[in-house]
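For reference, the structure is listed below as structure tokens.
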Amino acid sequence: MMRNLRTIDVALDEMLVNLAAIVLRLSKPEVTRTPEARRALAQSIHQYAVCAAHSTDPRVHELKSELEETLRPNLRIVANNGVKVS
């Protein structure tokens, strides 16, 4: 019985790793151009995080962090170079 549960747990972890790879491909800016696509991506990442919370596989947690990072806005550093702006 315990062996079967472990087999299922490992299979679920593998599925989560594969799912994360798919969602990462979908998180590319050229794919998520519209607000609707961004909302769908955020929902997918949230659902992944819920499932990942129950996993003990470190890969799943690393991928969860990577996916969540895709939702953060890109910050641009603008250098002033000493030019005064009026």
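In what follows, every heavy atom counts, from backbone to side chain, and hydrogens, waters and symmetry copies are set aside.
Considering all non-hydrogen atoms of both residues, Glu68 and Ala49 come closest at OE2-CB, 3.8 Å. Pairing each heavy atom of His61 with each of Ala52, the nearest pair is CE1-O, 3.1 Å.
When atom types are taken as modelled, the side chain of Asp9 and the backbone of Leu5 share no donor-acceptor pair closer than 3.5 angstrom.
Within the hydrophobic cluster formed by Ile, Leu, Val, Met, Phe, Trp and Tyr side chains joined at under 4.5 Å, directly or through other members, Leu24 is accompanied by Leu16, Val17, Leu19, Val23, Leu41, Ile45, Tyr48, Val60, Leu63, Leu67, Leu71. Counting side-chain heavy-atom gaps under 4.5 Å among Ile, Leu, Val, Met, Phe, Trp and Tyr, the cluster of Leu12 also holds Ile8, Met15.
The distance from atom CG of Asn4 to atom CZ of Arg6, rounded to the nearest 0.5 Å, is 13.0 Å. Rounded to the nearest 0.5 angstrom, Arg33 CZ and Lys28 NZ are separated by 14.0 Å.
Under the 4.0 Å criterion applied to side-chain N and carboxylate O atoms, Glu14 and Arg59 are assigned as salt-bridge partners.
Within the structure, salt bridge (Lys or Arg N to Asp or Glu O under 4.0 Å) pairs that include any residue of residues 34-53 comprise Glu36-Arg39 (at least two apart or interchain).
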